[in-house]
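Letters A, B, ... mirror the listed sequences (proteins, then strands); counts begin at 1. All values below were derived from every heavy atom in this structure, side-chain atoms included, with hydrogens, water molecules and symmetry-related copies excluded.
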Amino acid sequence: MKKLFFVLGSAALALAGCGGGGGDDTSSNGDKVEIDRNPFPSTYAPYPSTVTLLKDATVLDGIGGQIENGDVLLVDGKISEVAEDIGAPDGATVIDASGKWVTPGIIDNHSHLGVYPSPSVSAHGDGNEISAPVTAEVWAEHGIWPQDPGFPRALAGGVTSMQILPGSANLFGGRGVTLKNVPARTVQGMKFPDAPYTLKMACGENPKRVYGYGGGRFPGGAPYSRMGNVAGYRTAWAKAVEYKRKWDKYADEGGDPPARDLELDTLMGVLNGDILVHMHCYRADEMAQIMDMSQEFGYKVTSFHHAVESYKIADKLAEYGACSAMWADWWGFKMEAYDGVRENIPMVHKAGACAIVHSDDDIGIQRLNQEASKALSDGRRAGIEISDADAWQWLSANPAKSLGVFDQTGSLEAGKDADVVLWSGDPFSVYTQAEKVFVDGALMYDRGNPDVTPVMDFELGQPGEGELK
Amino acid sequence: MIRKILLSAAASAAIALGAAAQNVAIVNAKVWTGTDAGTLENATVYISNGEVAGLGVNFAPPSGTELIDAEGNWVTPGIFSPFSRTGIVEVGAEDSTNDTNAAGTQFSVALRASDGFNPAATTIDVTRIEGVTRIAVAPANGASLIAGQGFIADTTGDADSISYDRAFVYVDLGENGAGLAGGSRPAAWASLRGAFADARGYPARFMAHNEGDTLTRADAQAFGRAVRGQQLMIIAARRASDLRMVMDLKEENPNLNLAIVGADEGWIVADELADAGIPVIIDPFQNLPASFSQLGATSKNAERLIDAGVTTAFAHLGSNSHQARLVLQSAGNAAANGVSFDDAMAAMTTVPAAIFEVENYGTIERGHTADLVLWDGDPLEVSSAPIAVFIDGEAQSLESRQTKLRDRYLDLDESEKPLAYKN
């Protein structure tokens, strides 16, 4: 089946190459055909902002620093300065933040908002292309409904960016996309400018359940076991290596361009280092095998997701350099989640590995700061001393790194995007709420102010109206 | 009130369990009593015979009593999760371990969740060590909108930990129940009315047949107490119009003893719910229009219901088998969204005790069951955890399978032996 498409695709691509410019997603570079890596470009631009000075806050800079009575200055959508005492520039909006806390905006690197939106009616299930175990050709952004009421709820929880991923039914679920949490009419209007693409992969129970046991058949089809999972990954990577070789050869030597294959485009993007791998994986032993497999094919897993057993191999994860995106306390809903412990996140951090608090949930995404607090306090009770300031890396810097956007956001450093949250108090407290949320310096959420509270189309004229009623 | 018969049943269970407990006094505690006494600073709670035998700022326990210095920390009643599936499923996705529901059964009301309860389930320890000492355990809907009967248990993990079996019948009159009844709300209500008629007509209408309009013979027999108002009926409903239907049911059958679980749009009909005297069990996390029955979901639901005078308990309704412990975080979030500390605490202590008519429970006062938690911080804070947990006056282990896994892997050094030898 795939081979047939391959041949047909080849003919089409050859024609496009000769015709010059007729191609939709390829472009001509000199006399060589190049794959357009960004056919659905971001149209997001920061909204207008005033120069804003947050005064006298407890500031967590997101990279391990804490300043008491600190000031944060936002100019032209960027962090301009973070210091103990900053004079207000002319015309600046000065916000008295005494008794309050300022942090980088939270970044959730595992969300299905938009692809599994509210309401979760059958028509809205756009997060898993379960038609085949390898669907690296599908892109989460093509399933995102930008009107998901979950987006503004997450914004009210201080989430300024997030990765939307396909689900975990497949061995290769497709491409993820990183968004700024700003309402838009289109997905392109939310896309984080210049963020790299990501690839969702999945270990363990889900793929073998969906395919091996799927559709009421027995056996359904491959993969039926964890052995089949790994064989499925390796088969696909082997194809991708071959595909990349063809394109590399074409780039070097010219001739007929290789046949285009959307699935292998994505995998080749990983092998070229352009696309970051995010892999759903619960069990320690499976993660260890995936790390070996990645070395076999010459790529790297950027982040393991859920990673309920990361604490068992935190040393190996640190050595390899993969992040673990984790819940504070989810466990037991399936066998591979049975060994969950409440200290997973601090144990990973302590080993020197990259720890991330993620949600995978439209409720959890609204209080990731509380999830971090649970993990932090449980870790301390177990003797793992981590400062509040260091722990905030789990919420902003580390997820930003895992998404390849840490140069732009994820910490309060001069020159970075002014993605900033003003909290009513200590954000590790359950009583604290995000009061003001800035994205690129623009005030996009202001608690209690209906004029600065987005309401999605779906909720207009409904009983709750975005919690405004 | 209407629940007097159940009340005595609960009381006798509690007395039977309290027998083998020790004498302990927690001193220098900040005690949230749950009574008009409010919160007492530097107070002593004296536990004897499974009960709170003394309480107060100036209370002196008998000499020789074992003392626990709370060092100013909070002591609260044990947390009571009013809606869970804890102990009836070990691993959610593994059907062989999951006794929450049965899609293939012919029975409904006759299903007793207690028949599937395993006090040794790992979820019990995991739940207890976070301060939850009592759980209401409901069956889930498998084949019928009437899921069966639930029970109340403590979280000791002991063989006799069910303190009140068949405490309630659980009925889903929301989208899920409609689906199980054939595909619509009218089908669900016709089915429920049929079940009422079957129960009221039992045994006469089963003389000639084994099947009623809705129920089997065994179900009709089992439903008798609930339809006569002698057993609590917990109804799942979310949409305001569904809640009104439940209130109509109560109006037509004033003897019914009803509570509602879910009630996402409860705030829209809060005054009516208060007038009807129907308590609600809500999850304060729920603020999304997750379905067309929850379009009015808001994080202000708890505050508005309580302000209107609705008897309101909190539960963590998502993943309620393994994460019933998150009722505390739910309550903390309710407090962050306008509910007073006292009301948030009551919603997981005194209010569940009232809804389930567990006598002498839910508050710290003389003669009440000594389910107590000593916390290392504000009990509503996500960063707090229990230092000590007492159930029926007995100090409980704070170990779980999770803490043992943690301890095994805190140090990953395997230079001498594999970690599997670290027990």
Side-chain angles (χ1 to χ4, degrees), chain A residues 118-121 149-150 153 156 205 209 309 311-316 328-335 337-344 347 350-351 361-364 366-367 370-371 373-374 376-378 380-384 424 428-433 458-459 462-465 467-469, chain B residues 89-94 97 122-123 126 130 239-240 264-265 267-268 283 285-300 318-319 321-323 325-326 328-329 331-333 335-337 376-378 380-385 401-410 412 419:
Chain A
S118 300
S120 62
V121 291
R153 300 297 199 288
E205 291 181 29
R209 185 185 68 243
E309 292 189 3
Y311 68 95
K312 296 186 183 182
I313 51 159
D315 51 348
K316 296 179 193 297
D329 54 15
W330 286 26
W331 75 289
F333 43 92
K334 54 179 166 174
M335 203 57 214
Y338 194 53
D339 285 3
V341 301
R342 295 179 60 114
E343 296 79 5
N344 194 24
M347 285 166 82
K350 178 185 153 216
D361 182 52
D362 54 12
I363 295 290
Q366 300 179 43
R367 47 187 66 84
Q370 293 175 22
E371 301 308 297
S373 179
K374 287 192 281 188
L376 180 61
S377 57
D378 285 324
R380 286 173 181 165
R381 273 185 287 269
I384 304 171
S424 60
F428 293 100
S429 166
V430 77
Y431 299 111
T432 294
Q433 294 182 314
F458 176 74
E459 293 196 276
Q462 301 278 20
E465 209 142 276
E467 288 198 272
L468 286 182
K469 283 203 173 165
Chain B
V89 51
E90 184 65 32
V91 179
E94 293 298 333
T97 76
T122 56
T123 51
V126 163
E130 302 302 328
R239 200 169 76 182
D264 299 58
E265 294 190 351
W267 61 275
I268 296 172
D283 184 344
F285 278 169
Q286 190 46 258
N287 70 338
L288 276 165
S291 71
F292 274 86
S293 298
Q294 297 160 277
L295 298 180
T298 168
S299 46
K300 294 287 181 189
S319 63
S321 53
H322 291 66
Q323 296 284 61
R325 57 186 178 175
L326 296 187
L328 284 143
Q329 191 180 1
N333 279 266
N337 283 292
D376 65 5
D378 176 342
L380 295 184
E381 271 294 4
V382 283
S383 54
S384 299
R401 185 171 173 276
Q402 294 192 353
T403 64
K404 296 190 81 149
L405 278 165
R406 174 199 65 199
D407 292 343
R408 169 173 282 184
Y409 286 95
L410 268 174
L412 296 172
L419 293 174

For chain A, the option from B:Leu410, B:Thr298, B:Val382 that forms the most heavy-atom pairs under 4.5 Å: B:Val382
Option that, when pairs with chain A are counted at under 4.5 Å, heavy atom only, ranks first among B:Ser291, B:Ala93, B:Ala290: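 Heavy-atom pair counts peak at B:Ala290.
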Side chain, backbone, both or neither: which part of [X] has a non-hydrogen atom closer than 4.5 Å to chain A?
{"X": "B:Ala385", "value": "both"}
{"X": "B:Glu381", "value": "both"}
{"X": "B:Asp407", "value": "neither"}
{"X": "B:Leu419", "value": "neither"}
{"X": "B:Thr403", "value": "neither"}
{"X": "B:Arg408", "value": "neither"}
{"X": "B:Val126", "value": "side chain"}
{"X": "B:Leu295", "value": "both"}
{"X": "B:Thr122", "value": "both"}
{"X": "B:Glu265", "value": "side chain"}
{"X": "B:Ser299", "value": "both"}
{"X": "B:Ser319", "value": "neither"}

Of the listed residues ([options]), which shares the most heavy-atom pairs with chain B below a 4.5 Å separation?
{"options": "A:Ile384, A:Ile313, A:Asp329", "result": "A:Asp329"}
{"options": "A:Gln370, A:Lys350, A:Gln462", "result": "A:Gln370"}
{"options": "A:Gly332, A:Pro149, A:Gly464", "result": "A:Gly332"}
{"options": "A:Tyr311, A:Phe458, A:Phe428", "result": "A:Tyr311"}
{"options": "A:Gln433, A:Arg381, A:Met335", "result": "A:Arg381"}

Derivation of the side chain to side chain contact (heavy atoms under 4.5 Å, CB included) call for A:Ile363 and B:Asn287: CA-CA 8 Å; A:Ile363 295 290; B:Asn287 70 338; 3.9 Å; yes
Measuring from [X]:[atom1] to [Y]:[atom2], what's the distance to the nearest 0.5 Å?
{"X": "B:Gln329", "Y": "A:Ser373", "atom1": "CD", "atom2": "OG", "value": "9.0 Å"}
{"X": "B:Thr123", "Y": "A:Trp331", "atom1": "OG1", "atom2": "CH2", "value": "5.5 Å"}
{"X": "B:Leu288", "Y": "A:Glu467", "atom1": "CG", "atom2": "CD", "value": "7.5 Å"}
{"X": "B:Gln402", "Y": "A:Tyr338", "atom1": "CD", "atom2": "OH", "value": "10.0 Å"}

Listed partners of A:Glu459 passing salt bridge (Lys or Arg N to Asp or Glu O under 4.0 Å), at least two apart: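 For A:Glu459 the salt bridge (Lys or Arg N to Asp or Glu O under 4.0 Å) partners, ignoring immediate neighbours, are A:Arg153.
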Carboxylate-amine/guanidinium contact A:Asp378 B:Arg406, below 4.0 Å: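 Answer for the salt bridge query: no.
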Presence of salt bridge, B:Glu130 and A:Lys374, under 4.0 angstrom: no
Nearest non-hydrogen partners of B:Ile268 and A:Pro463, listed with the distance: CD1-CB, 3.9 Å
Non-hydrogen atoms of B:Gly332 and A:Val430 that approach each other most closely: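 For B:Gly332 versus A:Val430, the nearest heavy atoms are C-CG2, 3.7 Å.
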Exceeds 12 heavy-atom contacts within 6.0 angstrom, atom NZ of A:Lys334: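 More than 12 heavy atoms, drawn from other residues, nucleotides or ligands, come within 6.0 Å of this atom.
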Min side-chain heavy-atom separation A:Phe333-B:Gln323 under 4.5 Å: no
Min side-chain heavy-atom separation B:Tyr409-A:Glu343 under 4.5 Å: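 Sidechains of A:Glu343 and B:Tyr409: no contact.
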Interface moiety of A:Ala314 toward chain B, non-hydrogen atoms closer than 4.5 Å: both
Listed partners of A:Arg367 passing side chain to side chain donor-acceptor pair (under 3.5 Å), at least two apart: B:Asn333
Derivation of the side chain to side chain contact (heavy atoms under 4.5 Å, CB included) call for B:Leu412 and A:Lys312: CA-CA 8 Å; B:Leu412 296 172; A:Lys312 296 186 183 182; 5.6 Å; no
